[in-house]
Amino acid sequence: PLTLEDVLNICEQESENLFGVIVQFGGQTPLNLAAGLQAAGVPIIGTSPHSIEIAEDRKLFGAMLDKLGIRQTHGGTAVTEEQAVEVADKVTYPVLVRPSFVLGGRGMQLVHNETDLRRYVREAVEASPGATPGTAANPILVDHFLEDATEVDVDCISDGKTVVIGAIMEHIEQAGIHSGDSACVIPPFSLSDKVKAEIADATKKMARELNVIGLMNVQFAVQNEQVYVLEVNPRASRTAPFVSKAIGIALPKLAAKIMAGKTLAELGFIEEIVPKHYSVKEAVFPFTKFPGVDIVLGPEMKSTGEVMGIDASFGIAYAKAQMAAQPPLPLAGNVFISVADADKTKVGEIGKELTALGFELYATSGTAAALQKAGVSVKNLFKLTEGRPNALDMLKNGELAMIINTPSGKVAREDEARIRSTASSSRVLVMTTLRAARAGIEGIRALKANGYTVKPLQEWHTK
C-alpha cells in the first residue's frame, strides 16, 4: 500500500542497497508522500520535493509563472466560504473549484453563481483530507473557467539542462472535461504553428525553472489563439504510456535512467519526434455496469481505463479508438440530436454532414427548429414529458444508431439524463460535446470512403 509507513518499512528493509526512491510514477499519491519520505531521511531521486511543492502551491506557482511571463487563468485559494466568494467575485464566474492535493479531479466542480459556490464549500471540503467543519485542511482552488477553450496536454522529459517535448496532445472534448476522460490526439489536428510553438516554449521554461529531472506534464487551455497554463505536474502523467507508444520512445524508461544520473544526450533523445501518423487516446467508461447513472462528462474523472487507435488518417485513428472503447461509430441508421441553447447555432453544420453521410435525423422541437433553419431535413420527436413517440421509445425499439446530446443548463435535465443512461445500457453511442460529434463524423466519413487496415505497433515506428 502506498502509505508513508509501508514505504518506510521497505526503505528500512533495503537500507544497505538503497540508492534512492522515485516518486514520479504513481500519480498524485506518491507525490503526497515525498515530503514525509524526505523528512525521514530517504533520498528522493529525480525532481525535488521542493519543486513539487512549487507546482502544487497556488501562490508559489503563480509567482513562478509571473517571473517567466507565462499567461495563466486568474484564480486564488480559500479555506473558508467567505474567502471563496471573495476570490470568485474577483476572477468572475464561471469558476472551477477543487480541493488541492486530490486524485482524479475528485470534488472538482464548475460553478456558475454564488449560491452554488457557498453550497460547494460547505459540502465538498471533506474531499480535502483532514478538514474541520467550515474550514478546509488544504486550500480550495478557485479559478476563472475559460469557456469554449481547447485543452492541450504536454508531456516533456528533462535532465535538468536539456528539455525535450515528448508530445503535444490536443483534447477532442473542450476544457472543463477532466483530462482523464477526454479523447486526445497526437499530433494536434487544429492548433496553429504559433500556438504549438508558444506551448513548447512555455513547457521548456517551466521545466528548467522547476529543475525537473525526469518527466513533467502540463495542461494548457487555448482560447482565441491565447495560451493559458492550467496546471503543471512534475511527474509522469497517465498520458506517458500513450505518448511512448505514439512516438516509439519509452519515456518512463528514459526518465528512470536520467534520475539515476544519465543525460538526454547520452541516451540519444535530444529532439521532439512528431509522428507522421495520428494516435488517438479514448477513455473507457464503466457506465454499462451502472444502469441509471448519467454519463455526461465534467471536471470529476469517471473513466476506468483507456484505449488507443493509430492510423495515417485522423478520422480512421479516431474510429479505431471508438471500436476499442465501444460502442463503435455507426455507418448508417437514425441519429437523435438534442443540444443546449448555446450549441443551436452550431448544430446545423453537423446536421448537414450527417445527412450527406446518409443518416436520418430526429430531434425535439428546439433543436429541430435550429436544424430546419439551417436547411437540414429532420423528423420531430416529442420530449419525454410531451408524449410519444420520443427518443426513449426509439431506443427501446433499437431504432437509434447514435445520439448527440449536449447537456442543457447548469444541471442536466432529468429527461436528458434518462435518454443518455438508457442509450448507454443499450450500447448506443452517445456524443455529449459537439467537438466529439465532429470527430465522430470525420471518422464515419473516412470509414465509409476507405475502410481500415491494421498493422503492428512496431511497423509504425520502423525508420
Quiz item: Crowded around Leu68 CG? As in, over 12 foreign heavy atoms under 6.0 Å?
Solution: yes
Which side-chain N or O atoms in residues 430-444 pair as donor and acceptor under 3.5 Å with protein atoms at least two apart or in another chain?
| residue | atom | partner | partner atom | Å |
| --- | --- | --- | --- | --- |
| Thr433 | OG1 | Ala436 | N | 3.1 |
| Arg435 | NE | Ile172 | O | 2.6 |
| Arg435 | NH2 | Glu170 | OE2 | 3.1 |
| Arg435 | NH2 | His171 | O | 2.7 |

Quiz item: Please walk me through it: do Arg118 and Glu82 pass salt bridge (charged side-chain N to carboxylate O under 4.0 Å, His left out)?
Solution: CA-CA 8 Å; Arg118 287 183 181 278; Glu82 294 309 321; 2.8 Å; yes
Quiz item: Would a 4.5 Å heavy-atom cut-off, applied to side chains only, mark Gln72 and Met64 as touching?
Solution: no
Exercise. Show your reasoning for whether side-chain hydrogen bond (donor to acceptor under 3.5 Å, both in side chains) applies to Ser51 and Asn211.
Key: CA-CA 7 Å; Ser51 293; Asn211 195 30; 5.8 Å; no
Quiz prompt | Side chains of Asp153 and Thr239, donor plus acceptor under 3.5 Å | solution = no
Practice problem: Quick one: closest heavy-atom pair of Glu147 and Gln223, and the distance? | Solution: O-NE2, 2.8 Å
Quiz item: Are Tyr278 and Ser313 close enough that some pair of their side-chain heavy atoms sits under 4.5 Å apart?
Solution: no
Exercise. Just jot down the salt bridge (Lys or Arg N to Asp or Glu O under 4.0 Å) partners of Asp6, sequence neighbours excluded, or say none.
Key: none
Quiz item: Are Arg418 and Asp415 within salt-bridge range, i.e. N to O under 4.0 Å?
Solution: no
Quiz item: Any chance CD of Glu86 has more than 12 other-residue heavy atoms, nucleotides or ligands included, within less than 6.0 Å?
Solution: no
Quiz item: Can you say whether the rings of Phe189 and Phe314 are parallel (under 30°), tilted (30 to 60°) or perpendicular (over 60°)?
Solution: parallel
Quiz item: When you look at Asn217 and Arg235, which way does the side-chain hydrogen bond (donor to acceptor under 3.5 Å, both in side chains) test go after all the steps?
Solution: CA-CA 7 Å; Asn217 168 264; Arg235 57 170 170 86; over 6 Å; no
Quiz item: Just wondering, more than 12 heavy atoms not from Lys344 lying within 6.0 Å of its NZ?
Solution: yes
Quiz item: Crowded around Gln326 CD? As in, over 12 foreign heavy atoms under 6.0 Å?
Solution: yes
Quiz item: Are Glu209 and Lys205 close enough, and set up right, to give a salt bridge (charged side-chain N to carboxylate O under 4.0 Å, His left out), and what steps lead you there?
Solution: CA-CA 6 Å; Glu209 185 66 24; Lys205 279 181 179 169; over 6 Å; no
Quiz prompt | No-hydrogen, no-angle side-chain donor-acceptor test under 3.5 Å, Asp343 and Thr406 | solution = yes
Quiz item: Just wondering, more than 12 heavy atoms not from Asn9 lying within 6.0 Å of its CG?
Solution: yes
Self-check item: Pair Thr263-Asp159, side-chain donor/acceptor within less than 3.5 Å
Solution: no
Quiz item: In terms of side-chain heavy atoms, does Ser192 have a donor or acceptor partner in Glu225 at a distance below 3.5 Å?
Solution: yes
Exercise. May I ask you to check whether over 12 heavy atoms, not counting those of Asp66, lie within 6.0 Å of atom CG?
Key: yes
Quiz item: Thr150 and Gln174: side-chain donor and acceptor closer than 3.5 Å?
Solution: no
Quiz item: Any chance the side chains of Arg98 and Gln109 put a donor and an acceptor closer than 3.5 Å?
Solution: no
